[in-house]
*Asks:* 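Sharing a structure, written as structure tokens. Questions coming.
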Amino acid sequence: MSISKDLNEAFKKSQEINHEKSDLLDFSILVLGTASWPLQPPTSGFNIPDDASPQNLSKAEIKTNYIKAAKTAYTLQVNNYQLGILLQYNNQISYTYEELQVSTNLTSEALNGQLGILVKAKILTASGTVGAPNVKYDLNMDFKSKKIRVNLNVAVKSEQKAEAEETHKTIEEDRKLLIQAAIVRVMKTRKQLKHVGLVQEVITQLQSRFQPKIPDIRKCIDILLDREYIERVDGQRDTYNYLA
């Protein structure tokens, strides 16, 4: 958030110097690290229907006007991939797996996950195992639900696992950068320090944010040695000098 504040102030000063008062913009930004908001890029191709938004993380609502037995049309809350699949059924009520894959251009992994959700929710019925070749997916004309609004926009298990792993990886990378920054700060102040003392001071500096692991601190020290921010004192392997 301090980066956001600095950028806002710098932009405001630049505006005041280079523009007339009447042209000044009321503008502010917030900078988020990937660890704070780890959005994942799409991993599948996708033929975007005319009625769909091009944004990967968009949501949509569609109404089930085809269910004659229902007094009120259901509202299905879907993601873009689900929307792309279901809009195909405006043209006909049955498709094979291969036809849906061609029309949506989704990868097998993405298509299987979304079809699994739609079949489990009984929006579609499948003639065989989801994802198997030549299986037909029919629109369930007898769909029933106790809820008028049906939320289908839920994460596929494989996506949840992948996102959790990616988030963990991103957090670990961010923490390594924080550890390196702390090492440089300590060494810049102390100029020379023994290994044990450096590790203890780094832990003290960072423990309010997270508890750094000693093996990670050692790895970061090695990185800074390679980059010549610090060096080992001749004849004293456990003592470092500040260089940068």
Side-chain angles (χ1 to χ4, degrees), residues 29-30 32 34-170:
I29 59 172
L30 293 177
L32 293 178
T34 53
S36 303
W37 193 4
L39 300 181
Q40 305 301 321
T43 57
S44 171
F46 181 44
N47 291 335
I48 301 171
D50 293 337
D51 296 331
S53 163
Q55 299 298 320
N56 177 54
L57 298 173
S58 296
K59 301 177 183 178
E61 292 186 350
I62 54 179
K63 288 189 177 293
T64 58
N65 296 320
Y66 59 90
I67 304 174
K68 296 180 180 179
K71 295 180 180 179
T72 305
Y74 296 106
T75 297
L76 306 180
Q77 298 171 303
V78 297
N79 60 40
N80 252 3
Y81 289 171
Q82 293 166 346
L83 180 64
I85 294 169
L86 292 176
L87 286 179
Q88 305 303 316
Y89 290 87
N90 281 334
N91 302 316
Q92 60 190 60
I93 63 171
S94 181
Y95 287 93
T96 64
Y97 178 86
E98 290 73 18
E99 288 171 335
L100 287 173
Q101 192 162 37
V102 169
S103 60
T104 61
N105 195 34
L106 291 171
T107 62
S108 295
E109 183 179 1
L111 182 59
N112 293 351
Q114 302 307 326
L115 285 175
I117 292 172
L118 296 174
V119 170
K120 185 177 180 179
K122 300 182 180 179
I123 302 297
L124 301 178
T125 60
S127 63
T129 303
V130 172
N134 301 315
V135 171
K136 295 188 71 174
Y137 296 87
D138 298 341
L139 193 61
N140 182 8
M141 308 302 287
D142 297 318
F143 173 76
K144 292 180 181 179
S145 175
K146 294 180 180 179
K147 298 179 179 179
I148 298 299
R149 298 172 66 84
V150 182
N151 181 26
L152 301 172
N153 186 24
V154 295
V156 180
K157 288 184 178 179
S158 59
E159 290 179 356
Q160 289 177 323
K161 183 178 179 181
E163 288 181 5
E165 290 176 351
E166 186 63 29
T167 300
H168 179 73
K169 181 180 177 181
T170 301

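From a predicted model like this one, the values you see are computed outputs, not experimental measurements.
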*Asks:* Is there a side-chain contact between Q77 and R149 (heavy atoms, below 4.5 Å)?
*Replies:* yes
*Asks:* Do the side chains of L115 and Y97 get nearer than 4.5 Å, heavy atoms only?
*Replies:* yes
*Asks:* Quick check for you: to the nearest 0.5 Å, what is the distance between L86 atom CG and L76 atom CG?
*Replies:*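 Rounded to the nearest 0.5 Å, the CG-CG separation comes out at 6.5 Å.
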*Asks:* Given side chains that start at C-beta, do those of I67 and N140 come closer than 4.5 Å, heavy atoms only?
*Replies:* no
*Asks:* What are the two closest heavy atoms between Q114 and Y81, and how far apart are they?
*Replies:* CG-CB, 3.8 Å
*Asks:* Considering all heavy atoms of both residues, which atom of T107 and which atom of Q101 are nearest to each other, and what is their separation?
*Replies:* C-NE2, 3.8 Å
*Asks:* May I ask you to decide if Q88's main-chain N or O and Y95's side chain share a donor-acceptor pair within less than 3.5 Å?
*Replies:* yes
*Asks:* Can you name the nearest heavy-atom pair linking I117 to V154, along with the distance?
*Replies:*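 Closest approach of I117 to V154, heavy atoms only: CD1-O, 3.4 Å.
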*Asks:* State the CG-NZ distance between L152 and K59, to the nearest 0.5 angstrom.
*Replies:* 12.5 Å
*Asks:* With side chain to side chain contact (heavy atoms under 4.5 Å, CB included) as the criterion, how do Y66 and I93 come out once you've worked through the C-alpha distance, each side chain's angles and the decisive distance to 0.1 Å?
*Replies:* CA-CA 10 Å; Y66 59 90; I93 63 171; over 6 Å; no
*Asks:* In Å, rounded to the nearest 0.5 Å, how long is the span from OG1 of T64 to CE of M141?
*Replies:* 10.0 Å
*Asks:* Atom CD1 in I123, atom CG in L118: separation rounded to 0.5 Å?
*Replies:* 7.0 Å
*Asks:* Under 3.5 Å, which donor-acceptor pairs link side chains of residues 125-137 to any protein atom two or more places apart or in another chain?
*Replies:*
| from | atom 1 | to | atom 2 | distance (Å) |
| --- | --- | --- | --- | --- |
| S127 | OG | K136 | N | 2.8 |
| Y137 | OH | G131 | N | 3.0 |

*Asks:* Evaluate the side-chain proximity of K144 to Y74: yes if any heavy-atom separation is below 4.5 Å, no if none is.
*Replies:*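 When only atoms from C-beta onward are counted, K144 and Y74 do touch, with a gap below 4.5 Å.
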*Asks:* Measure the spacing between OG1 of T104 and CG of L83 and express it to the nearest 0.5 Å.
*Replies:* 11.5 Å
*Asks:* Could you measure the distance from the NZ atom of K63 to the OG1 atom of T72? Nearest 0.5 Å is fine.
*Replies:*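 Between atom NZ of K63 and atom OG1 of T72 there are 9.0 Å.
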*Asks:* Within the structure provided, determine whether L124 and L139 are in side-chain contact (heavy-atom separation under 4.5 Å).
*Replies:*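 A side-chain contact exists here, since the closest heavy-atom pair is under 4.5 Å.
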